[in-house]
Amino acid sequence: MSKTWGIMMLSVISAPSLAETELAHNFCGNSMQTRAWQPLAGLDLGMVDIQSNDIELLGTQSAEFTGNVDINTLTMSLSAQSALIDKQRGLLNATGPITYRDAISEVNSAGLNADLNNSEISLLGADYKLTDQQGHGGAEKLTVNQSGLALLNASFTTCPNETPLWAIQAEEILLSREEGWGETHDMVLRIMDTPVLYLPYFTFPIDDRRKSGLLTPNISSSDRYGIESITPYYWNIAPNYDATITPRYMSKKGLQLQGEFRYLSDSNEGLVALEYLDKDDSEPELDERFLFHWQQQSYFDENWRAAIDITNVSDDNYLTDLDSNYATRTDTQLYRTGSLSYLGETWRTDIKVQNFEVLGDHIESYAALPQISFSQTTPFLFNDIELTLNGELSHFTNDTAIIEKATRVHIEPKASYGYQEHAWSFLSEFSVLHTNYKQEGDLANTDYAETVSRTLPKVRLYSQLNFERDTSMIDNGIQTLEPQVQYLYTPDKDQSDIGLYDTTKLQDDFFGLFRDSRFSSVDRIAAANQFTLGATTRLFNDNSEELFNFSAGQIFYLSDSAKPTAQNLDSDTNYNALFAAQTMLHWHRRWYLSGGIQYDTDGKQIIQSNVTLDYKGDDNQLVQLNHRYANDVSGNTIEQVGFFTSFPLSEQWQFVSSYHRDLESGRSVEVFSGLQYESCCWAFQVTARRQIETDLNQAIGQEQATFDSSIGFNIVLKGLGSKSRYDAQKLLQQGIFGYRRPYFLNN
């Protein structure tokens with residue numbers, strides 16, 4: 001017979017969920033799935049529902065329940081063989097077998113004692129499972145209170161097996177809801193039931209909150225570094241400040257210290273990083289080697305912004321020798337800038353100071369100290385004609401150049417008229433480009449002048465048509481045709497008396513054909529008297545997904561003086577009949593083809609080309625084949641082929657690999673392979689790489705090449721380390737060539 005005994009005021013408060021589960025259940029199977037606990041329906045705050053086969057009242061304040069006892073409150077449920085409740089003293093004793101459940105745990109125990117006044121429950125001889133986080137174990141005594149769980153003479157693991165791969169055993173384990181971390185005292189880490197490590201005190205995460213402690217170490221071996229060990233220590237200084245201190249030991253180079261400090265305030269966010277190697281054992285002729293990096297974004301109010309981005313290294317080959325997270329091995333210059341911006345309703349103003357640290361034996365770049373630019377964001381209107389004014393004031397310095405100092409003032413008023421409909425659009429622009437230069441240096445016997453004033457008009461006419469039709473090539477498909485035409489005129493002017501400070505030739509791809517300038521900045525304004533013709537066609541399915549596009553265009557020059565080869569700037573890389581095309585084919589949801597070409601129709605030669613074929617399957621399946629060609633990169637021809645692949649060997653095993661070969665020199669550039677295993681309680685990655693060592697003091701295409709071979713190993717015991725995901729495809733982003741999807745803009 002089932003009986004229910006009264007309503008009494010209890011305050012058994014259990015901790016809420018410790019953490020969202022980190023691990024997918026398909027790794028662990030059903031053995032680690034603990035059904036989320038829900039309180040009995042119909043209970044109110046302070047109410048206790050008790051059911052049992054028999055009840056004996058012991059006076060007016062106590063009662064003993066026997067036979068299939070079920071006790072339910074809003075914060076816990078308890079099943080036992082017998083229970084004794086003393087309402088006056090606020091005590092609850094139960095004997096087992098007992099099953100206790102609340103929002104964070106499920107416990108099987110032999111006995112239970114509860115102090116209801118202090119909201120504390122103790123279970124003896126307990127086997128527990130965490131409800132919302134992977135984890136289970138046993139304890140001689142388990143105590144539940146407002147802070148979380150306290151376990152005496154206990155064990156903990158995230159592995160599902162009866163004999164787990166790893167487990168910790170400790171005199172005391174505290175799982176704190178308030179701090180989000182667990183801590184142990186007198187802990188022994190056991191691997192395959194074999195003790196491997198003793199620590200008197202150890203902490204580990206049980207949710208996503210941050211806490212100071214060691215992060216997952218990484219061990220590798222390579223020709224360049226020898227045995228390498230990286231052991232980061234994370235320091236949680238404050239909610240808005242933290243730091244990571246990383247000793248990096250390299251048996252062939254020595255001990256390097258790496259530090260990163262991150263900060264966040266109401267108006268600033270950024271990081272400061274320092275890497276320092278006192279002595280490089282492999283290169284004793286060098287002094288101490290270091291890298292400094294500072295990056296910051298500031299937001300003062302709705303209108304004012306500021307930014308800092310500075311990277312500095314001790315020597316040109318620091319990045320190629322030691323690598324860094326703050327720059328890549330292939331960088332040939334380091335960007336250093338500080339800027340202050342005002343964003344108004346009509347005008348935007350930027351004040352910038354910047355220079356570049358050129359790595360290797362190359363000509364130093366000019367520093368802009370400062371560069372003040374303004375642009376009109378909201379045009380003035382005059383009878384449907386938009387009037388805008390842009391300009392800048394810049395001061396450049398370079399002690400190693402012929403022109404050591406230069407001041408440039410540029411003003412560019414523009415009048416434009418545009419008309420746009422769904423089927424077509426038209427834009428006409430008339431600009432006046434006026435620039436003044438004051439140049440200082442040893443200008444004798446050169447073409448440079450101390451003062452230069454240059455004024456050039458520019459006319460641009462652009463129009464596009466949009467055609468659309470149903471097509472039988474795709475069921476319920478739509479094909480578009482988008483022809484474009486542009487006329488551009490700028491008169492020819494000799495500019496050899498002006499230095500080059502921040503100007504370079506822009507990319508000659510399809511979109512570049514329709515730009516109104518051939519160079520960045522204004523030190524060179526290319527003569528133009530030309531038509532550009534081009535068109536794009538696209539195919540869409542009935543879900544408006546783009547399955548195919550093809551774009552092609554060419555510039556036609558109307559005068560010899562407007563041809564690029566007649567303008568005496570990088571004449572070896574200028575072409576008078578440039579044809580550019582690009583395409584994308586996505587004929588199946590898993591297959592992508594992307595390609596582009598630039599072709600000189602006069603010289604009958606390919607300038608640049610690239611093609612990439614991708615297959616993206618389920619379960620991290622990936623195959624990419626790519627080819628790229630350039631006929632002139634710093635005077636050398638580059639032709640390379642490569643592939644990336646990632647595919648699962650099983651549910652837990654993943655294999656990744658990449659290979660790149662230089663066809664021009666007939667040698668491999670980079671070979672990489674990695675193997676990853678991941679279960680619900682541990683994961684490891686082993687990688688092997690052989691790649692060419694970059695030496696910035698040697699030219700591209702050097703005859704002799706040095707290769708570095710390395711093996712890396714990383715192991716994580718889940719539940720004791722950081723909460724990072726173990727994505728095998730991230731391995732493919734490492735190295736000289738990182739995996740990229742060329743048809744995605746967010747690479």
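Worth saying up front: this structure is predicted, and the values here are computed from it rather than measured.
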Handout entry: Candidate pair E260 and Q258, rule side chain to side chain donor-acceptor pair (under 3.5 Å), full reasoning
Key = CA-CA 7 Å; E260 179 184 272; Q258 302 174 344; over 6 Å; no
Problem - Whether over 12 other heavy atoms sit under 6.0 Å from D618 CG - result: yes
Problem - Donor-acceptor under 3.5 Å (H660 side chain, D662 main chain) - result: no
Exercise for the section: Check whether any side-chain heavy atom of N610 lies under 4.5 Å from a side-chain heavy atom of Q582, and answer yes or no. Expected result: no
Handout entry: Residues that Y234 engages under ring pair (Phe, Tyr, Trp, His ring centres under 6.0 Å), provided they are two or more places apart
Key = none
Problem - Carboxylate-amine/guanidinium proximity below 4.0 Å for R336 and D309 - result: no
Practice task
State whether R689 and D708 are salt-bridged, where the test is any N-O pair (Lys NZ or Arg NE/NH1/NH2 against Asp/Glu carboxylate O) under 4.0 Å.
Solution key: no
Exercise for the section: Taking the side chain as every heavy atom from C-beta outward, state whether Y599 and K604 have any pair of such atoms under 4.5 Å apart. Expected result: yes
Exercise for the section: State which residues pass side chain to side chain contact (heavy atoms under 4.5 Å, CB included) with D281; sequence neighbours excluded, sorted by chain then number. Expected result: K279
Handout entry: Test: E275 and R248 ion pair at under 4.0 Å
Key = no
Practice task
Mind checking side-chain hydrogen bond (donor to acceptor under 3.5 Å, both in side chains) for Q598 and listing every partner two or more places apart, or none if nothing turns up?
Solution key: none
Problem - Derivation of the side chain to side chain donor-acceptor pair (under 3.5 Å) call for Q652 and E678 - result: CA-CA 5 Å; Q652 285 82 28; E678 180 179 7; over 6 Å; no
Practice task
Please list, chain by chain and in numerical order, all residues satisfying side-chain hydrogen bond (donor to acceptor under 3.5 Å, both in side chains) with D223, sequence neighbours excluded.
Solution key: none
Problem - Residues forming a side chain to side chain contact (heavy atoms under 4.5 Å, CB included) with I245, sequence neighbours excluded - result: none
Exercise for the section: With the side chain counted from C-beta on, respond yes when T244 and Y233 share a heavy-atom pair under 4.5 Å apart, and no when they do not. Expected result: no
Handout entry: Which residues share a ring pair (Phe, Tyr, Trp, His ring centres under 6.0 Å) with W294, sequence neighbours left out
Key = none
Practice task
Please say which of Y448, Y366, F519 ends up in a ring pair (Phe, Tyr, Trp, His ring centres under 6.0 Å) with Y501.
Solution key: Y366
Handout entry: Spatial distance of atom OG1 (T311) from atom CG (L291) [nearest 0.5 Å]
Key = 6.5 Å
Practice task
Give a yes or no answer on whether the side chain of R408 reaches the backbone of F396 with a donor-acceptor pair at less than 3.5 Å.
Solution key: no
Handout entry: Value rounded to 0.5 Å, distance of CD1 in I310 from CD in Q354
Key = 12.0 Å
Problem - Validation row, ring centre F655 to ring centre W653 under 6.0 Å - result: no
Handout entry: W587 and Y592 aromatic centres sub-6.0 Å
Key = no
Exercise for the section: Indicate yes or no: at least one non-hydrogen side-chain atom of S373 is less than 4.5 angstrom from one of D350. Expected result: yes
Problem - Y335: partners by ring pair (Phe, Tyr, Trp, His ring centres under 6.0 Å), with sequence neighbours left out - result: F356
Practice task
Look at the aromatic rings of Y462 and F514 and report parallel, tilted or perpendicular, splitting at 30° and 60°.
Solution key: perpendicular
Practice task
Please list, chain by chain and in numerical order, all residues satisfying side-chain hydrogen bond (donor to acceptor under 3.5 Å, both in side chains) with Q530, sequence neighbours excluded.
Solution key: none
Fill in the blank from the handout: Residues passing the ring pair (Phe, Tyr, Trp, His ring centres under 6.0 Å) test with Y225, sequence neighbours excluded, are none
Practice task
Apply side-chain hydrogen bond (donor to acceptor under 3.5 Å, both in side chains) to N398 and list each qualifying residue two or more places apart in sequence or on a separate chain.
Solution key: T400
Practice task
Could you pull out all residues at least two apart from L257 that satisfy side chain to side chain contact (heavy atoms under 4.5 Å, CB included)?
Solution key: P247
Exercise for the section: For residues R589 and K616, determine if any side-chain heavy atom of one lies less than 4.5 Å from a side-chain heavy atom of the other. Expected result: no
Problem - side chain to side chain contact (heavy atoms under 4.5 Å, CB included) against F643, all qualifying residues, sequence neighbours excluded - result: L625, T645, S657, Y659
Practice task
Determine yes or no for a side-chain-to-main-chain donor-acceptor pair under 3.5 angstrom, with T503 supplying the side chain and S520 the backbone.
Solution key: yes
Exercise for the section: Answer yes if the side chains of K253 and S282 hold a donor-acceptor pair under 3.5 Å, and no otherwise. Expected result: yes
Handout entry: Side-chain touch L322/Q256, heavy atoms, less than 4.5 angstrom
Key = yes
